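Chain identifiers are assigned alphabetically (A, B, ...) following the order of the sequence lines, protein sequences preceding nucleic acid strands; residue numbering begins at 1 within each chain. This is a predicted model, so every value here is computed, not measured.
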2 protein chains.
Amino acid sequence: MAYRKTPAEIRRLTTAKERLVARATEVVAEVGWSQASVTAVADAAGIAAGSVYQHFPSKAALAVEVFRRAAGREVEVLGEVLHGPGGPVERLSRGVEVFARRALENRGLAYALLAAPAEPAVGAERLAFRRRYRALFAEVVREGVESGALPAQNGEITAAALTGAIGEVLVDPLGGPEDGAAEALLADLTAMALRCAGAPTA
Amino acid sequence: MAYRKTPAEIRRLTTAKERLVARATEVVAEVGWSQASVTAVADAAGIAAGSVYQHFPSKAALAVEVFRRAAGREVEVLGEVLHGPGGPVERLSRGVEVFARRALENRGLAYALLAAPAEPAVGAERLAFRRRYRALFAEVVREGVESGALPAQNGEITAAALTGAIGEVLVDPLGGPEDGAAEALLADLTAMALRCAGAPTA
DNA sequence: GGAAGCTGTGAATGATGCTTCACTTCTTCC
DNA sequence: GGAAGAAGTGAAGCATCATTCACAGCTTCC
């Protein structure tokens, strides 16, 4: 009998899978979901198309994994900022700025996560993550309202609006070339977000 | 020689094309772009699949026409409200409300126009129309700033944010079932939009 | 060393759905 | 009525890709 995987072998497989996800993420960031065929992704990872199916049961599963990893990092970062130190308004402002800054620093990926046409499975994942963004924003808004820093409002609506507004504001810059106006954009964007939540203007 | 089209024949062809676009719009509103195959659309219009190509050079061209007609109506309506009588803030408020109300009254179509997965040609059209929405909002915001009704701000950003915010807020209600909370939603949405533009709360 | 079994390969398979085309049906006009 | 030609048909053609599979190459462990 020769069928027990050695730790080294397990590590090799895991590494191969990690590498596949990483390369697939790069491909998606560069050419978008619709152009990221199984063949293209496999080529980028240096394996045969068929080998993808050693790691994932379908292309959709791989795509979902790519999305989750990348979007998960963003949720995590945003959560840390929004749950971090400072008053609700300050945290909201910093959260919006950090989120937008990270997107602008990694345009291709940000565009893929936010807006690029994608297969249904990825679309569903996108929806799910948008809900998570909303939930994070809603929490801070609610806190702000309770503390009196923000006026009474429907926090869910404001949170959804913030999510949509940030995405929409970023779509054009993310699609176009780097234009050097990033800092001005960030300032305008955070100002808008604060107005949106009803924070008194500084 | 028998190849001159009579007026009646021309009318018949035009009517057939109109009918095709109308039925295709219904199909898209019901099942979304991805399920609206040429066969399904042709069936709905009561013609053969091949006949679609008498009117449009490709499926994409038909889809684009469907999108343009439907989205064009919304741009027109929004434009009328935003250019109508009243102060900038009042018009902005009414514009948001009218836009959202129309979407909620025609959910399937609104979802298809705003968010449903679609082929690249439709995606491009969607982007183009979003720019038109933004331009309309930007105009009113600029007017409001000039008249002093709104605080100084980057009108383009606010306009993009309004477009994104409205879309995002509507996506969930449009996807789910009618829940009867439409009026409350509209009130919260317009309140958010006014805050977003910096209008003093009523 | 060598049997057993897992991983990797990439061409073949299969599904989907747009588009074409040979043919039929309808309209025009003498 | 009938010739000429357009519109309409729908099944076949075709392109695109995800997925499979028979086979080759490796790793494990006695």
Student: Rounded to whole Å, how long is the line connecting atom CD of A:E119 with atom P of D:dA18?
Tutor: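 Between P of D:dA18 and CD of A:E119: 8 Å.
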
Student: Classify the side-chain pair B:Q153/B:T158 by whether it contains a donor and acceptor separated by less than 3.5 Å.
Tutor: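 The answer is yes; a qualifying pair exists.
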
Student: Separation of A:I10 atom CD1 from D:dT27 atom C1', in whole Å?
Tutor: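 In whole Å, D:dT27 C1' and A:I10 CD1 are 13 Å from each other.
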
Student: Closest heavy-atom contact between A:K59 and A:Y53?
Tutor: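 Smallest interatomic distance, heavy atoms only, reads N-OH, 4.2 Å.
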
Student: Indicate yes or no: at least one non-hydrogen side-chain atom of B:L20 is less than 4.5 angstrom from one of B:F56.
Tutor: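 Result yes, sub-4.5 Å side-chain heavy-atom pair found.
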
Student: Atom CG of B:L13 to atom P of C:dT28: distance rounded to whole Å?
Tutor: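 To the nearest whole Å, that distance equals 10 Å.
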
Student: Please examine the side chains of B:E156 and A:D172, heavy atoms only from C-beta on, and report whether any two atoms are closer than 4.5 Å.
Tutor: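 When only atoms from C-beta onward are counted, B:E156 and A:D172 do not touch, as no gap falls below 4.5 Å.
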
Student: Pick from A:V21, A:V27, A:V28: which one makes a side chain to side chain contact (heavy atoms under 4.5 Å, CB included) with A:T25?
Tutor: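 Filter result, single survivor: A:V21.
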
Student: Under 4.0 Å, heavy atom to any atom of DNA chain D: which of residues 27-60 of chain B qualify?
Tutor: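 Residues of residues 27-60 of chain B under 4.0 Å from DNA chain D: B:I47, B:A48, B:G50, B:S51, B:Q54.
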
Student: Tell me the closest heavy-atom pair linking A:V98 and A:V81, and the distance in Å.
Tutor: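 Reported closest heavy-atom pair: CG2-CG2, 4.1 Å.
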
Student: If only side-chain N and O atoms of A:R12 are considered, is one of them under 4.0 Å from the OP1 or OP2 phosphate oxygen of D:dT28?
Tutor: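 Checking D:dT28 against A:R12, no side-chain N or O comes under 4.0 Å of OP1 or OP2.
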
